[in-house]
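Inspection log for the structure reproduced underneath, given as structure tokens.
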Amino acid sequence: MMLLRNQYVKVIKILLSNNLTNKIFKNSSWLVIEKIINMFIGVFVTAIIARYFGPELFGQFNYAFALVTLFTAFSTLGLETLTVKTIVDKEYDEGRILCTSLFLRVFGGIILTIIAAIVIKIIEPNERNLHLLVLIMSFTMVVKSFEVIEYWIQAYQKSKISSLIRIYVYILTALLKIIVVIFSGNLFHLSLIYVIDGAVTGLALIIAYFKIRHDAAKWKLDMGYAKNILSKSWYLILSGLMITLYMRIDQVMLGAMMQDKAENGVFSAAVRIAEMWYFVPLAIITSFKPVILNTKKVDEVSYLRSIQLLYNIVTWLSIGFGVLVVLISKPVIKVLYGAEFSDAASILSISIWAGTFAMLGTARSIWLISEGLQRYTMVYTFGGLVVNIVLNYILIPHFGAHGAAIATLAAQITANVIMLSFFKNTRVSTVMILRSFISLPIIRKSKLLGNSTKL
């Protein structure tokens with residue numbers, strides 16, 4: 001154990017002494033700080049909310065929230081990765097890129113809010129409370145449109161800006177949620193807080209951008225750019241929707257198939273904890289993205305080594321956290337949520353492993369973009385979605401929330417390990433992901449980082 005620890009310390013020193021990884025770590029540090037603060041606040045506030053409303057109402061709220069999340073994934077229009085790449089490559093004027101992206105997201109958000117309101121009325125015709133919850137939370141798709149500034153922040157590695165904004169806003173909304181409990185509020189008050197969160201964050205990002213931007217180019221709508229970016233992003237739009245479907249379809253199907261919404265409440269409590277560690281790999285992946293995109297143009301060897309390093313780090317972070325959560329799942333659920341949510345412990349022990357493969361899939365999206373193989377995103381996400389829906393349909397009636405957790409895990413393995421191994425162009429990615437499970441993120445300086453100084 002001591003030898004393993006010394007090896008990790010040695011690797012960290014090597015990484016920090018390298019220009020490439022030093023840049024990555026500096027940018028990701030703010031993302032990590034933001035997510036750590038949000039994680040701790042979020043876990044305790046969610047526990048307070050869950051205890052106050054109980055499994056039934058908490059399940060009802062999460063049913064509505066999961067349905068809205070499906071449309072929210074579609075509302076981003078697949079712009080994030082492509083917009084970051086366009087800004088990095090300077091293919092278009094910065095003002096045109098951001099203004100056009102904002103227009104597309106506002107327009108899409110309005111349309112999808114209307115569609116979401118119609119869909120819930122069809123699915124649950126007699127549940128007026130659900131109708132109103134979905135309508136209120138759907139409006140976040142419009143106000144979150146202003147978060148297009150995040151694309152600029154990612155492209156220029158300025159995570160400190162958005163991290164500070166999100167920390168302050170998260171503290172504000174956490175206080176508002178506690179006020180809802182103190183003053184005996186209802187689910188509608190809780191749903192309004194999500195709209196406030198998106199509105200305040202978006203406004204703060206816009207103000208920050210115009211104060212610190214380097215390029216004073218005027219914002220101007222460019223329909224030519226809009227057509228160009230949408231022609232490239234359609235597969236990302238659909239794949240983003242499918243990814244969210246097999247991440248959230250469990251809660252939607254649990255809500256629709258189970259008469260007792262308490263089952264959904266218990267499942268949601270487990271998923272909330274299972275996803276709380278995502279901030280670490282997501283912060284690292286976000287910071288790797290522009291660096292990998294740039295490295296592709298400079299040095300193919302360093303580019304591939306950087307991707308393998310990313311896979312290795314994500315895999316072993318996931319395994320470490322997964323083992324820890326399995327060991328402490330029962331006391332954690334009891335302390336946070338109470339006896340009413342005790343079944344969430346065994347669900348958590350299953351759900352935690354789905355995140356390992358979900359994060360590897362997120363990391364691989366950078367490789368697909370860099371290689372121009374985005375079309376395969378449709379293939380593996382569709383495979384995962386089919387597996388998830390079929391298994392949910394079979395398992396939920398018999399095993400309830402436990403069946404939904406098993407279905408999600410199987411779907412993530414199918415989508416992010418199995419599917420792309422069937423295609424010659426993408427098989428190397430599957431091999432690299434599998435290699436990450438047998439290779440600790442301990443890599444010799446001469447082999448991994450030797451050429452990165454050329455960056």
Side-chain angles (χ1 to χ4, degrees), residues 64-65 67-87 91-120 131-156 158 161-162 165-166 169 172-173 191-213 215-241 243-244 248:
F65 183 73
L67 184 65
V68 171
T69 301
L70 301 184
F71 291 95
T72 301
F74 196 81
S75 72
T76 62
L77 302 175
L79 295 177
E80 182 177 0
T81 301
L82 291 175
T83 302
V84 171
K85 186 176 186 298
T86 304
I87 294 174
E91 295 177 10
Y92 286 85
D93 181 79
E94 183 181 288
R96 291 175 183 268
I97 294 172
L98 294 175
C99 182
T100 305
S101 297
L102 176 61
F103 169 78
L104 292 174
R105 286 199 55 176
V106 169
F107 181 76
I110 293 171
I111 298 298
L112 289 169
T113 296
I114 297 171
I115 294 175
I118 295 172
V119 169
I120 190 60
H131 299 168
L132 186 54
L133 285 175
V134 169
L135 180 61
I136 293 171
M137 287 191 283
S138 293
F139 192 66
T140 58
M141 289 186 284
V142 178
V143 298
K144 278 181 174 288
S145 300
F146 293 94
E147 294 182 8
V148 294
I149 300 302
E150 291 277 13
Y151 308 156
W152 177 82
I153 287 172
Q154 289 182 32
Y156 288 100
K158 295 181 180 293
I161 300 167
S162 60
I165 289 173
R166 292 189 181 280
V169 173
L172 170 64
T173 55
S191 63
L192 283 171
I193 293 174
Y194 284 90
V195 179
I196 293 171
D197 184 307
V200 175
T201 300
L203 179 61
L205 285 170
I206 288 287
I207 293 172
Y209 167 76
F210 281 105
K211 281 190 174 182
I212 65 173
R213 63 177 179 166
D215 187 347
K218 293 182 178 180
W219 278 35
K220 185 177 180 180
L221 181 63
D222 187 334
M223 296 308 296
Y225 171 71
K227 292 178 182 178
N228 180 48
I229 201 70
L230 288 176
S231 69
K232 295 178 181 178
S233 68
W234 65 269
Y235 40 80
L236 292 176
I237 295 173
L238 293 180
S239 67
L241 176 61
I243 288 171
T244 306
R248 297 298 181 192

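Atom set for the values below is all heavy atoms of this structure, side chains included, hydrogens, waters and symmetry mates excluded. These numbers come from a predicted model, not from an experiment.
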To the nearest 0.5 angstrom, please state how far the [atom1] atom of [X] sits from the [atom2] atom of [Y].
| X | Y | atom1 | atom2 | value |
| --- | --- | --- | --- | --- |
| Leu132 | Ile120 | CG | CD1 | 11.5 Å |
| Ser138 | Leu67 | OG | CG | 7.5 Å |
| Ile161 | Lys211 | CD1 | NZ | 12.0 Å |
| Thr140 | Phe65 | OG1 | CZ | 7.5 Å |
| Ile115 | Leu70 | CD1 | CG | 12.5 Å |
| Ile193 | Ile196 | CD1 | CD1 | 6.5 Å |

Closest contact, heavy atoms only, [X] versus [Y]:
| X | Y | answer |
| --- | --- | --- |
| Ala116 | Val134 | O-CG1, 3.8 Å |
| Ala64 | Leu133 | CB-CB, 4.0 Å |
| Val200 | Val169 | CG1-CG2, 3.7 Å |
| Ile149 | Leu205 | CG2-O, 3.7 Å |
| Thr113 | Met141 | N-CE, 3.6 Å |
| Val143 | Ala199 | CG2-N, 3.8 Å |

Begin with the C-alpha distance, continue with both residues' side-chain angles, and end with the deciding distance and a verdict on side-chain contact (heavy atoms from CB on, under 4.5 Å) for Leu135 and Phe139. CA-CA 7 Å; Leu135 180 61; Phe139 192 66; over 6 Å; no
Please identify which of these residues, Lys144, Arg105, Arg166, meets the salt bridge (Lys or Arg N to Asp or Glu O under 4.0 Å) condition with Glu150.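 The option that passes is Arg166.
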Is the ring centre of Trp219 less than 6.0 Å from the ring centre of Phe103?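 No: the rings miss the under 6.0 Å criterion.
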Intermediate values then yes/no, side-chain contact (heavy atoms from CB on, under 4.5 Å), Ser191 and Met137: CA-CA 6 Å; Ser191 63; Met137 287 191 283; 3.6 Å; yes
Atom OH of Tyr194: over 12 foreign heavy atoms under 6.0 Å: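 Counting neighbours around OH of Tyr194, more than 12 heavy atoms of other residues, nucleotides or ligands fall under 6.0 Å, so yes.
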